Each structure stands twice: as structure tokens, then as C-alpha cells.
Amino acid sequence: MTGSITSLWRHPIKSHGRESLDDVTVSPGQTLPGDRVWAVAHEASKADGSKWVPCANFSRGSKAPNLMAISARLEGDTVTLSHPQQPDLRFAPDTEQDAFLNWVKPLMPADRAASARIIRVPGRGMTDSDFPSISFCNMASHRAVEQKLGRDLSICRWRGNIWFDGLPLWEEFDWLGKDVQIGEAVFHVRERIVRCLATTANPETGERDADTLGALNSWDHQDFGVYAVVVRGGNIRVGDKVQVL
């Protein structure tokens, strides 16, 4: 049984915007190119860009739901951010942090640690996992959550990289420890993704409006999607087949 890729996404700045892609070339042991290149450390964080650190060190959608409504466009080392409550911002995260911090301040809750600086770890996307991962998400599982809640949901709530369709719901959980081929690339599936409050926020408005976690827990878990690592690089594109090897 095979599925096919329905969409590809990257998130240039962790928790601060998403961008759709038609195709991308992945490399062994690396995150999706342009995905989570930067992360926004808050004022209580010890992150300094010298190594990977857990997501608790960063401003993120679970604590600041308004961040979920950001979209992004990456061009080289320049990012353009859009949000329904703010004018577009085009800036270079490595050299123009003040412009970003002023832009994002109104989107942050007053009772949370303020965003303080943007960091990057050279050669390592700041994924939630402690290894350079690429996330797979299943449209059938997404539709099951929609049905459980009785409403349409944007797939952007899940911040996945590779979306596929044509396979049963929760099929992806059976892939743990297996290799999956997409286009020219092969991935090894390592972990299920435990979900947080970020998924309860509407990616159009930034308001918490859906009990996604309650829906997931009705299946006796709080997981959606899986983390995989690239074991053979190559180009993948929307429409490519997804096949377990």
C-alpha cells in the first residue's frame, strides 16, 4: 500500500511562521532545508546558539498562541513574516534582530517571558526533537481529528514538514523503526510526536479555538505524526509516492 505527498512545509524561524514548498532536496542526517534555521530565545533562556537545547528555551505557540498565525517566506538569509495584526516584516534574522523583536512584541502575552534574541546553530535546525528530524503527517489522521471535533481544521496547526494521503489513519505509527522512501530520498522513522497546546490555536487568527488535545486523547494518546531522519538524500516533491521499504 502506498500513499502520496500532498504538501511540503518549512518553518524558517521556529514557531514563527510556515511556508509551503513544491519540492525540496534533503540530505542525510539533516533537517529539511530552511526549516527551523533560527529560534527565538526568551529572556529566561540560556540558549546561546552553541548547541541544540529543548523547546522550553524558546518563544513558541504553546505559550503564545498568537504566534501560530504567522506565515513566512525565506529568501537566502532574509525572512518575510506576515500576521493579520501586523504589517509585513522583511529582515535578516542574523543581523536585524531589533526590527523583529519590536514587531513580535505585541503578539506575545504580557505574563510570559519576553522574546529576547534570535539564535541559530550552524548546520542544525532547531527541531523539537534532540536529533535533526523531519516530521511526517497523515491527512487521514487529520481528517479523523476534524471528524472528532465536528469542524474543519487547518493542517498548519500541526506544523508538519511532509504531508501524505492515501493511507489509513494512524498508519504512520506503524512505521517506527522502518525505512520509508519518498521520491529519491529514504527516511528512517524514529519517534511519534507528542502534541502540545500550540495545536489548539487557529493558524488564521492566533486564537485558541479547538480542543485538539482532547480529541487526540480520545484515542488514548496525545500524538500526531512521526519524526524521521534522512538516511539517503535526494529530491522530493508534491505528488511523489510514499512507500514503506
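These figures come from a predicted structure and were not determined experimentally.
- Counting heavy atoms of neighbouring residues, nucleotides and ligands inside a 6.0 Å radius, atom CG of Asp130 exceeds 12 of them.
- When the side chains of ILVMFWY residues are joined at heavy-atom separations under 4.5 Å, either directly or via intervening members, Leu8 and Val26 end up in a single hydrophobic cluster.
- One hydrophobic cluster, built from ILVMFWY side chains closer than 4.5 Å, holds both Trp170 and Val244.
- With salt bridges taken as basic N to acidic carboxylate O contacts below 4.0 Å, one links Arg151 and Asp209.
- For the 3.5 Å distance criterion, the side chains of Asp94 and Trp38 qualify, holding a donor opposite an acceptor.
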**Request:** Show the numbers, then the answer: is there a salt bridge (charged side-chain N to carboxylate O under 4.0 Å, His left out) between Arg117 and Asp48?
**Result:** CA-CA 9 Å; Arg117 60 192 179 278; Asp48 59 8; over 6 Å; no

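- Side-chain atoms of Glu191 and Ser129 include no donor-acceptor pair closer than 3.5 Å.
- A cation-pi arrangement is absent between Arg195 and Phe224, since the terminal nitrogen or guanidinium carbon is not both under 6.0 Å from the aromatic centre and inside a 45° cone about the axis.
- Taking every heavy atom of both residues into account, Leu149 and Leu153 meet most closely at CD1-CD1, 3.9 Å.
- Side chain to side chain, Ser59 and Ser115 meet the donor-acceptor criterion of an N or O pair below 3.5 Å.
- Under the 3.5 Å distance criterion, with hydrogens and angles disregarded, a donor-acceptor pair is assigned to the side chains of Arg36 and His11.
- Cluster membership for Phe58 and Ile70, using ILVMFWY side-chain heavy atoms within less than 4.5 angstrom, is not shared.
- Taking the charged nitrogens against the carboxylate oxygens, Glu19 and Arg10 do have a contact shorter than 4.0 Å, which makes a salt bridge.
- For Phe164 and Trp175, the ring centers sit closer than 6.0 Å to each other.
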